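All values below were derived from every heavy atom in this structure, side-chain atoms included, with hydrogens, water molecules and symmetry-related copies excluded. Residue numbers begin at 1 in each chain, while the letters A, B, ... track the order of the sequences. Model, not experiment: these values are computed from the prediction.
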Number of protein chains: 2
Amino acid sequence: MPEYADDELAAHLRAAIMRLRRRLVQETDSELSIPAMTVLGLLHRRGEQTVGQLAAAERVQPPSMTRTVTCLERDGLVARRQGESDRRQVVVSITEDGRTRLAADRDRRTEWLARRLADLTPDERAVLDEAAPILEGLATA
Amino acid sequence: MPEYADDELAAHLRAAIMRLRRRLVQETDSELSIPAMTVLGLLHRRGEQTVGQLAAAERVQPPSMTRTVTCLERDGLVARRQGESDRRQVVVSITEDGRTRLAADRDRRTEWLARRLADLTPDERAVLDEAAPILEGLATA
DNA sequence: AGGAATACTTAGCTGAAGTAATGACTTAGG
DNA sequence: CCTAAGTCATTACTTCAGCTAAGTATTCCT
């Protein structure tokens, strides 16, 4: 039994995403900006990446990624070095400090959402569990 | 069969929301800003509201809502008038032009998402159909 | 070798949120 | 009843996170 008529799902989903995103930003209390945190996570999962790869992964223009990386480098959480095969590239890697900070922040950062999720029924959580990769796919497609 | 360990769902859901939101913003081609459109929708559904009510509904600080309303008023899509019982309040109502614009824009605005949704399998759409109100609830809780 | 293409950076803009302070009005206490 | 405190909206300014345009360094192609 669908909650929404077919042509209304998009509108409702959109509104929900927008509101929830703002809420997530509001409820987050962390020293790291959201893009910074995301990049740190990427480097943790994928290992070192060029600025271009990071920009593509986050679907952001290169200058935006440069700024984020500059910020992270200033705080000593990532290291920049010139690419070996192609010296135009800049390879970014996470530092030990970066990993420490990531671990510390990841918990705090998702804490609010995790608490909210804990309040849901198992069924509801199961729905979101299935929905997460689909949403991810929509963003990436 | 959960895709994610319990304590990872929050992190993944968060990332998915952030990316999808950015994508929605990018792919949207409309004359109305996102907050403006949302407010117009609220006024359409709920009838006239004070600036404070609108701000609370969107979980935005009053100044942000003032700005959005100012913009909408400039375009003749909403009307401001002084509150009758409490003259500090400002009551905002949607105009006929506003309704027209809302109808025209709603389609265009959700078009990209609607197309993406159409590419999903029926099962995936069903999941999102159930997920939408849950996400909405998380944002509002 | 020289010109086109690529990878990142720099500089500056915009949109959409926020806080702090102000003005107008209302409510409550003495 | 009148003053003090509180509330609603606004104004002014800041911050954040994206963008484009233009510049620099390097590589690729003929």
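- Rounded to a whole Å, the CG atom of Leu24(A) is 14 Å from the P atom of dA17(D).
- Between the CZ atom of Arg22(B) and the C1' atom of dC19(D) there is a distance of 12 Å, given to the nearest Å.
- Backbone-only contact: Gln82(A) has heavy atoms under 4.0 Å from sugar-phosphate atoms and none from a base.
- The CD atom of Glu27(B) sits 15 Å away from the C1' atom of dG18(D) (whole-angstrom rounding).
- Between the side chain of Thr140(B) and the main chain of Glu136(B), a donor-acceptor pair closer than 3.5 Å is present.
- Hydrophobic clustering, with ILVMFWY side chains joined whenever heavy atoms are under 4.5 angstrom apart, keeps Val60(B) apart from Val91(B).
- Note that CZ of Arg115(A) and CD of Glu27(A) are 8.0 Å apart. Values are rounded to the nearest 0.5 Å.
- Atom CG in Leu138(B) sits 8.5 Å away from atom CD1 in Ile17(B) (nearest 0.5 Å).
- The line from CG of Leu40(A) to CG of Asp105(A) is 8.5 Å long, rounded to the nearest 0.5 Å.
- The residues Arg19(B) and Glu58(A) are annotated as salt-bridged, a charged nitrogen and a carboxylate oxygen being separated by less than 4.0 angstrom.
- Shown for residues 58-65 of chain A: residues whose heavy atoms fall under 4.0 angstrom of DNA chain C, namely Pro62(A), Pro63(A).
- For residues 37-50 of chain A, proximity to DNA chain C is found at Thr50(A), defined as any non-hydrogen atom under 4.0 angstrom from a strand atom.
- Taking only side-chain nitrogens and oxygens, Arg67(B) never comes nearer than 4.0 Å to OP1 or OP2 of dC13(D).
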Close N/O contacts between protein and nucleotides 27-30 of chain D (under 3.5 Å):
from	atom 1	to	atom 2	distance (Å)
dT27(D)	OP1	Arg87(A)	N	3.0

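- Listed pair Ser33(A) / dA17(D) meets the phosphate criterion, a side-chain N or O lying under 4.0 Å from OP1 or OP2.
- Using a 4.0 Å cut-off between charged nitrogen and carboxylate oxygen, Glu84(A) and Arg87(A) do not count as a salt-bridge pair.
- Identified under the side-chain hydrogen bond (donor to acceptor under 3.5 Å, both in side chains) test for residues 65-80 of chain A, with sequence neighbours left out: Thr70(A)-Arg80(A), Glu73(A)-Arg80(A).
- Within the 4.0 angstrom heavy-atom criterion, no nucleotide atom of any strand lies near Arg21(B).
- The distance from the CE atom of Met65(B) to the CZ atom of Arg59(B) is 12.5 Å, given to the nearest 0.5 Å.
- The distance from atom CZ of Arg81(B) to atom P of dC8(D) is 17 Å, rounded to the nearest whole Å.
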**OP:** Report the C-alpha separation of Val92(B) and Gln49(B) in whole Å, then their side-chain angles, then the decisive distance to 0.1 Å, and conclude whether the side-chain contact (heavy atoms from CB on, under 4.5 Å) test is met.
**Re:** CA-CA 5 Å; Val92(B) 184; Gln49(B) 303 264 301; 5.7 Å; no
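- Every residue was checked against the salt bridge (charged side-chain N to carboxylate O under 4.0 Å, His left out) condition with Glu124(A), not counting sequence neighbours, and none meets it.
- Within the 4.5 Å cutoff, the side chain of Arg116(B) has heavy atoms near those of the Asp119(B) side chain.
- Gln26(A) places its CD atom 15 Å from the P atom of dC16(D), with the value rounded to the nearest Å.
- Note that CZ of Arg21(B) is 8.5 Å distant from CE of Met18(B), once rounded to the nearest 0.5 Å.
- Protein chain B touches strand DNA chain C; the 5'-most and 3'-most nucleotides with an atom under 4.0 angstrom of its non-hydrogen atoms are dA16(C) to dT26(C).
- How far CG of Leu43(A) is from CD of Gln53(A): 10.0 Å, rounded to the nearest 0.5 Å.
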